Number of protein chains: 4
Amino acid sequence: MERPAKSGTSTDVPTKDRLIIAARDLFWSRGYEATSLAEIVKKAEVNSGSLYYFFKTKEELLLAVLDWYMENLFPQLIEPIIAHISDPIERVFALLDGYRKALVATGCTYGCPIGNLTLELGDSLPRAREKLAKNFEDWRQWVRKFLEEAGPRLPEKLDRNEVATFVLTVMEGGVMQSRAQQSLEPFDAGVRQLRTYFYLLTGEHPSSVQ
Amino acid sequence: MERPAKSGTSTDVPTKDRLIIAARDLFWSRGYEATSLAEIVKKAEVNSGSLYYFFKTKEELLLAVLDWYMENLFPQLIEPIIAHISDPIERVFALLDGYRKALVATGCTYGCPIGNLTLELGDSLPRAREKLAKNFEDWRQWVRKFLEEAGPRLPEKLDRNEVATFVLTVMEGGVMQSRAQQSLEPFDAGVRQLRTYFYLLTGEHPSSVQ
Amino acid sequence: MERPAKSGTSTDVPTKDRLIIAARDLFWSRGYEATSLAEIVKKAEVNSGSLYYFFKTKEELLLAVLDWYMENLFPQLIEPIIAHISDPIERVFALLDGYRKALVATGCTYGCPIGNLTLELGDSLPRAREKLAKNFEDWRQWVRKFLEEAGPRLPEKLDRNEVATFVLTVMEGGVMQSRAQQSLEPFDAGVRQLRTYFYLLTGEHPSSVQ
Amino acid sequence: MERPAKSGTSTDVPTKDRLIIAARDLFWSRGYEATSLAEIVKKAEVNSGSLYYFFKTKEELLLAVLDWYMENLFPQLIEPIIAHISDPIERVFALLDGYRKALVATGCTYGCPIGNLTLELGDSLPRAREKLAKNFEDWRQWVRKFLEEAGPRLPEKLDRNEVATFVLTVMEGGVMQSRAQQSLEPFDAGVRQLRTYFYLLTGEHPSSVQ
DNA sequence: TATGAATGAGTCTTCATTCAT
DNA sequence: CATGAATGAAGACTCATTCAT
């Protein structure tokens, strides 16, 4: 006699993963405080008490979500870009374009999960703040790597790490204003200005400004 | 017989204003969801039932706080800058420096109240989102005004409004990363890169890069 | 138009008092940990959230109950004894007999609320432990007062305060064993032995032993 | 290939015994209701599911603990006293002194496990109450035996069994007050009064009172 | 306007217990 | 015997909001 599949979940994702995915999505769309554990377990189709078998507190679940983001940055975002785009500076802008696509997909409502949590939580959950900083750090390292690959196209004295930080700054500040205005315009404006900055730095397309 | 002063509040701030101030500070430091009305009335030294005489809901109190920010942008931030700084481009950087000071004062923990609320709330409270957009709009108009005062120092074809948006982008993206890292470095890095961008646009200090 | 009575409580006991009474009875019959706040509010016919308007925590409610016991020791137990019994040593035994009556009334199941809580809680709630100690102290003072009123009938060198402690000891130790055995025998045995002790001390009824 | 020792427990106590010991200690220090099975399995270093192989419910574990106390009364408490003390009345006081030592060792916080559980549980778990009564009964039998060994030193008409009950009464009532006051004084006071009582009964040391 | 009591759904979390392997 | 995942009711407590005075 065959044993029937335990739950309706088609691909049988482990309970712990279902919780992380559900929490990730709800923290992203609603924020940390506004998301109740009841919503999470419901979305994950997990029994209420089971959550605590895997995560001692809501905070620990958040930490697991932040780990998920770190583990998935490379395979889900970086690798495809490296695979499809060869120009290192264009790789940077591809990263920005990825965020633009997420903005489009959610009607300019959701934005960047890392940025959202950073501003919502501040230092109220210090362990989460540390992981958020690590997320930014990982992103920055990839941007920096791309910039270094641009080699002499950028001024020698230019601090690649600082520019990498600047790229993230533009990405996050742009997403924020686009969410406030419910319009892609501010994000696109930021990217255009950043492009102009790179043109001026590389001297590769001066005609756009002067 | 003379009637004694009702409360111990030295300068006798009206109840409604006390509530707005208390809510403003708590929403800033803790966020909207994480702040309870109980905390607000306690901090404002107002009776719990009284809050609802002035504000029908927690959301309405938030709207009042957002109005407060709009009403105080000019007298508290813009006017002093206009009074003390004459160079229009330096006025833009003075705005950025104001945020830097707030960052320093709170040990890189609080950041920009408008940005925080924008990312925390998304579109969950549409009326609040509109007021947040208006706050950004007011800021942008002032930056744009300063940039227009710079006249021909900036390239004629440069879209002043777009650059104003970019300035806010840099401000908000920088504050975010500085809060994540608990360090002024990311914010300062963004400001330095923005300065470099302006140097390249105005041609006033090319030596720093090339 | 007459306003209808708010609740079904006939004598309109204030909410706070209803909570204290309900908690007192449940803590007595079930113990502190085994009593849920849900049971208390149900018994008190109070809305669940209202409890916290009056008491910040379950512990604070317990403290209020312990205050209730202290406030009611004299009017409910001591005063009637003083009014009806004149012999000071018999007043002491009247106190013991009061506990016997409570034992009878509850079928030897409930015992002394102060003793129960003392042994259940130990020092896990230090503020409660202090109030429990004060309850014992108040009892001891009354027993001591009665013993002092016995004047020279008791040996001069006998420490009245110590004997008062001993009386409480017999009362509590007796109640405990009667509850364990579900029988009045152990309690009565203790009282009889205490009586014998007093006979020996006063020399007033030597025939019972020797 | 040799099979390595399964667990790190040095003396390799069987799982069931580890559970009983852990439960005994936690029920003693925290009480029955306040102790969770999670704490017990953690302290016993036993897997959560395994507990139910040995004990169907929390109550059954409690019953096992109460059996443990009964089985260990003679070897751990009575036998050493018989071995070291020959005067039967002093054996009674040695029993009291054993409790005093436990009081000292725990800073007057833990007391008598049997007494604690008796007052905490009342008749809510009737099978436990019966075993608690049996525990008292075993104790009483030993005290009674010692008193009978005292033979004619005590008045012939004196009910030895009743005095044995009285001794336990003094022990338990004293421990209770010492825990409430966090002081050995009440316990010592009770013992001194009991000694005086015995002096009066035996006539062996009348000088202390009269 | 102000007050403080009331409301009940909701919060995160822990509970004793069960199950399949 | 052992394991660790699962269960769902219940725990103490907080929430935004309402009400009568």
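Per chain, numbering begins at 1; letters A, B, ... match sequence-line order. Below, each value reflects all heavy atoms present in this structure, side chains not excepted, and no hydrogens, waters or symmetry copies. These numbers come from a predicted model, not from an experiment.
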- Message: Tell me the interatomic distance from D:Lys58, atom NZ, to E:dT18, atom C1', rounded to whole angstroms.
- Response: 17 Å
- Measure from the side chain of C:Ser36, starting at C-beta and using heavy atoms only, and say which of E:dA2, F:dA12, F:dA16 lies closest. F:dA12
- Task: Specify the separation, in whole Å, of atom CZ of B:Phe55 and atom P of F:dT18.
- Result: 15 Å
- Message: With a 4.5 Å cut-off on side-chain heavy atoms, are B:Lys16 and B:Phe55 touching?
- Response: yes
- With side chains defined as the heavy atoms from C-beta onward, is the minimum distance between D:Phe54 and D:Ile20 less than 4.5 Å? no
- Query: What's the closest nucleotide to the D:Leu37 side chain, out of E:dA9, F:dA12, E:dT17?
  - Reply: E:dT17
- Residue whose closest nucleotide on DNA chain E lies nearer the 5' end, C:Ser50 versus B:Val46: B:Val46
- Task: Look at the rings of D:Phe27 and D:Tyr32 and say which category their plane angle falls in: under 30° parallel, 30 to 60° tilted, over 60° perpendicular.
- Result: tilted
- Closest-nucleotide 5' rank along DNA chain E - winner of C:Ser48 and A:Thr57: C:Ser48
- Item | Pairing partner (Watson-Crick or G-U wobble, both distances under 3.5 angstrom) of F:dC13 | E:dG10
- Separation of F:dA6 atom C1' from A:Leu19 atom CG, nearest Å, is 12 Å
- Please state how far atom OH in A:Tyr52 lies from atom C1' in E:dC15, giving the value in whole angstrom units. 13 Å
- Message: Applying the Watson-Crick and G-U wobble criteria at under 3.5 Å, what pairs with F:dA20? Answer none if nothing qualifies.
- Response: E:dT3
- Note on the structure: To the nearest angstrom, the CZ-C1' distance between B:Phe54 and E:dT3 comes to 12 Å
- Query: Rounded to the nearest 0.5 Å, how far apart are CD of D:Glu60 and CZ of D:Arg127?
  - Reply: 5.0 Å
- Item | A:Asn47 side chain, from C-beta outward: closest of E:dG4, F:dC13, F:dG8 | F:dG8
- Query: Taking CD from A:Glu59 and C1' from E:dT13, how many angstroms apart are they, rounded to a whole number?
  - Reply: 14 Å
- Message: Quick check: closest heavy atoms across D:Leu66 and D:Ala128, and the distance to 0.1 Å?
- Response: CD1-O, 3.6 Å
- Message: Rounded to whole Å, how long is the line connecting atom OH of B:Tyr53 with atom P of E:dT3?
- Response: 13 Å
- Note on the structure: 5'-most contact on DNA chain F (nearest-nucleotide basis), A:Gly49 vs B:Thr35, goes to A:Gly49
- Message: Just the rounded figure in Å: distance from P of F:dC13 to CG of C:Leu51.
- Response: 9 Å
